Asks: 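Below is one structure. I have some questions about it.
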Amino acid sequence: MDRFFGKIVDGQAIIDDDKAHHLVHVLRINKGEKIEIVDTGELFLCEVASTSPLEIKVLENLYKPSELPIKVVLAFALLKGGHDELVLQKGTELGVSEFIPYISSRTIIRLDEKDKAKRKARFEKIVLSSVEQCKRLVIPTVQDIKSFDKVISQKFDHAFFAYEGLSHESFNLASEAAKVKPGESVLLIVGPEGGFSEKEVLAADEKGLTSVSLGKRILRAETASLYMASVFSFLGESYK
Ligand code: SAM
């Protein structure tokens, strides 16, 4: 069944002109056919009451929540070779609510303001297509591309800094993650291919971020991001 993002107003579903055109002239929907409409995290079964003008009436709210009970915010450094696009696609599937792309001292990619805006638009497209594939009812947000300092200054209930320089004896992600409760927000920060500078590690520590080891092996940046997102996806799904 076709699904569109739209707005439910007084028992009617409103979709934007592009989507309306696609529904009527490309999909050639007929009067009486059913479609699904997503409005701010809720899913509605609807019926096309008329195609000209397009009228879509709501039949019922199909209550199928898709979100984690914790707000997972993933800050990832821009990566070469489109590996950061993998982070967005898989992070969306794993339930990340918000992405913060950033540039740090060892990020290989350097962008001017125009390129940053273009890169962000591309990231949003990747997230949207992943939302459609994994049937999420909420579209994760992608913040503007930030500096490292701006990332670590943002406030969340918990903030974990994946630092590869920690000894694996301090492999404390499991114990730290267990402290996160439903309804709370958690910021996860992963470094670029070249890792974090001493200065960045100190700055994160001064801001009170919790440094965590992800184990005995050095993971690629994209692997580390998906590892952390998986931990909190698993944790979030385990809450009853
Ligand atoms: N400087 C690293 C090295 O020694 O080769 C490379 C950085 S690693 C490819 C990219 C990022 O993934 C790191 O900055 C860190 O955020 C995360 N990461 C990878 N392995 C990790 C580990 N075992 N513990 C904590 N963080 C890790």
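The figures that follow rest on heavy atoms only: side chains count, while hydrogens, waters and symmetry mates do not. Keep in mind the model is a prediction, meaning the values are calculated, not measured. Whatever order the structure lists ligands and atoms in, that order sets their numbers, starting from 1.
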Asks: Can you tell me which residue pairs pass the side-chain hydrogen bond (donor to acceptor under 3.5 Å, both in side chains) test with a partner in residues 100-110, sequence neighbours excluded?
Replies: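 Counting only pairs at least two positions apart or across chains, the side-chain hydrogen bond (donor to acceptor under 3.5 Å, both in side chains) contacts touching residues 100-110 are S104-T107, S105-E200.
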
Asks: For ligand 1, list all ligand N or O to protein N or O distances below 3.5 Å, rounded to 0.1 Å.
Replies:
from     : atom 1 : to   : atom 2 : distance (Å)
ligand 1 : 1 (N)  : E164 : OE2    : 3.0
ligand 1 : 14 (O) : E164 : OE1    : 2.9
ligand 1 : 16 (O) : A162 : O      : 2.6
ligand 1 : 16 (O) : G191 : N      : 2.9
ligand 1 : 20 (N) : L219 : N      : 2.9
ligand 1 : 23 (N) : G215 : O      : 3.1
ligand 1 : 23 (N) : R217 : O      : 2.7
ligand 1 : 24 (N) : L214 : N      : 2.8

Asks: If I take atom CD from residue E55 and atom CD from residue Q12, how far apart are they, to the nearest 0.5 angstrom?
Replies: 5.5 Å

Asks: Between E184 and K179, is there a salt bridge with N-O shorter than 4.0 Å?
Replies: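 Between E184 and K179 there is no salt bridge, as every charged N stays at least 4.0 Å from the carboxylate O atoms.
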
Asks: Checking one residue: L94. Which other hydrophobic residues are in its cluster under the side-chain 4.5 Å linking rule?
Replies: L86, L226

Asks: Got a sec, which hydrophobics cluster with I108, joining ILVMFWY side chains under 4.5 Å apart, including via others?
Replies: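 Its cluster partners, ordered by chain and number, are none at all.
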
Asks: Report whether L202 and L166 are members of the same hydrophobic cluster (ILVMFWY, side-chain heavy atoms less than 4.5 Å apart, transitive linking).
Replies: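 Not linked; separate clusters.
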
